[in-house]
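These notes are about the structure you will find just below.
All heavy atoms count here, side chains included; hydrogens, waters and symmetry mates do not. Since the model is a prediction, treat every value here as computed from it, not as a measurement. Order of appearance sets the numbers: ligands from 1, and atoms from 1 within every ligand.
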Amino acid sequence: MLRTVAALDRMGEENAFAVLARASALAAQGRDIISLGIGQPDFRTPDHIVEAAVKALRDGEHGYTAANGIPVLREAVAADLHKRFAVNVSPDEVMIEPGGKVTMYMATLMFGEPGADILYPDPGFPIYRSMIEYTGARPIPVPMREENGFAFSAEETLSLITPQTRLLILNSPANPTGGVTPKAEIDKLVKGLEKFPDVCVMSDEIYDQMVYDGEQHVTLLSYPEIRDRLILLNGWSKTYAMTGWRLGWAIWPGKLYDYARKLAVNSYSCVNAPAQYAGLAALTGPQDEVHKMVAEFDRRRKVVVEGLNKLPGVSCVTPKGAFYAFPNIKNTGWKAKPLANAMLDTAGVAIIGGPDFGILGEGYVRLSYANSTENILKALERMGNFLTSQKAA
Ligand code: PLP
């Protein structure tokens, strides 16, 4: 009998990957499946980015790099932040990592242990809670409420901080809801955090370029008062359609930077070199593909929300960011997970049940609109037929 550690059994996962596998298996059997499950852009990585990786390999850039990333890429991240948000970040605070997810993994490992509390958004990206559980820390859900546009409430978030709280995880624009927290609320939250100087903040801003309706993304980096305890999670996956490249970046404050670098040395060593050159081309090259992609997501967002609000028993607040809709399905009579399962099996539409994103996700499902308008319209029609013809299980 192998004697593995108990923590492994506390770890969760992302059901979106399981749904993707089931949808692909059904498609392989010849079923016509529309996938609105997984959260990744349906666009190709722009050509000039791909070419940069190919060139890097041809130029012999295939060895290890520094664990924290090639200096020219760290400089490009800092320059990009300055250009987009007028914030000053030193390249020495930037760490290149194999995906944005690695930042939440490392941050949770740095702060989580039995006796510690970690606050995270619920509904939220499932890995936050999974990793908190793994470390033995107590997961404290911060409710993301529909009536609040699925944004953070500063007052409610601050009210959950205890002397045991070590880390507060923020995410705006948010997965799975598309919620964007308004600047006034972030201002209030940062102000309130003055009373809790030993609480670290991890701000997951991986969807920072995907905001709509004239919203401007507010980065937590623009608050100097918390910069010495702010971890910023970001990366190339969503903005440049590079999910499979595994490329992300983070800002780590003070001594956390060295801890993160050591965790890298002890696990993955460094990010693969050609991907780093691709990331450089992405940041320094033309941005028109990004703008085109975001404009297309915006068009689809309107189609999805309009269509969802016409379905029997379904209502959907308009998401202000990311590429997800999180409709309320409470009046359909269905529970979220049985509905998501039946929708895939019977109607051939892959969606994710809200409870896969937290305790407060019951009564909701997540649709990713990273699919063509044609498929989205077809999916909505199938969902409508399903809801009118099938009895709730
Ligand atoms: N953070 C959020 C909120 C996400 O939705 C995702 C991916 O779905 C990530 C982080 C992880 O990004 P990456 O693929 O770069 O690891």
Note to self: Let's go through Lys378 and Glu381 carefully: what are the C-alpha distance in whole Å and the side-chain angles of both, what is the deciding distance for salt bridge (Lys or Arg N to Asp or Glu O under 4.0 Å) to 0.1 Å, and is it a yes or a no?
What the structure shows: CA-CA 5 Å; Lys378 218 188 318 172; Glu381 191 185 332; over 6 Å; no
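- At a 4.0 Å heavy-atom cut-off, ligand 1 touches Lys238 through the side chain alone.
- A donor-acceptor contact under 3.5 angstrom links the side chains of Asn175 and Arg366, judged on distance only.
- Nearest protein heavy-atom contact of atom 11 (C) of ligand 1 is Lys101 N, 3.8 Å.
- Close approach of ligand 1 to Met104 is summarised as follows: ligand atoms under 4.0 Å from at least one heavy atom of the residue are 1 (N), 10 (C).
- At least one heavy atom of Arg246 sits less than 4.0 Å from an atom of ligand 1.
- Under the 4.0 angstrom criterion for non-hydrogen atoms, Trp236 is not in contact with ligand 1.
- Close approach of ligand 1 to Asn175 (heavy-atom distance below 4.0 Å) involves ligand atoms 3 (C), 4 (C), 5 (O).
- Looking at Tyr277 and Glu51, their side chains never bring a donor and an acceptor atom within 3.5 Å of each other.
- Salt-bridge check for Asp298 with Arg301: passed, with a basic side-chain N closer than 4.0 Å to an acidic carboxylate O.
- Listed by atom number, the atoms of ligand 1 under 4.0 Å from Ser237 heavy atoms are 13 (P), 14 (O), 15 (O).
- The contact set between ligand 1 and Gly100, taken as ligand atoms under 4.0 Å from a residue heavy atom, comprises 13 (P), 15 (O), 16 (O).
- Between Tyr324 and the choices Phe150, Tyr369, Tyr207, the ring pair (Phe, Tyr, Trp, His ring centres under 6.0 Å) rule is met once, by Tyr207.
- Using the six-membered ring where Trp is involved, Phe386 and Trp334 have ring planes that are tilted, between 30° and 60° apart.
- A donor-acceptor contact closer than 3.5 angstrom is absent between the side chains of Asn148 and Ser153.
- For the residue pair Asp92 / Tyr257, no side-chain donor-acceptor distance below 3.5 Å is found, with atom types taken as modelled.
- Which parts of ligand 1 touch Gly99 is read off a 4.0 Å heavy-atom cut-off, strictly below it: atoms 15 (O), 16 (O).
- Nearest non-hydrogen protein atom to atom 12 (O) of ligand 1 is Ile206 CD1, 3.7 Å.
- Within the structure, the closest approach of Gln40 to ligand 1 does not fall below 4.0 Å when heavy atoms are considered.
- Not a single heavy atom of Thr243 sits closer than 4.0 Å to an atom of ligand 1.
- Centroid-to-centroid, the aromatic rings of Phe297 and Phe43 come within less than 6.0 Å.
- With respect to atom 1 (N) of ligand 1, the closest heavy atom belonging to the protein is Asp204 OD2, 2.6 Å.
- The residue from Trp245, Tyr105, Tyr207 that puts a heavy atom closest to atom 5 (O) of ligand 1 is Tyr207.
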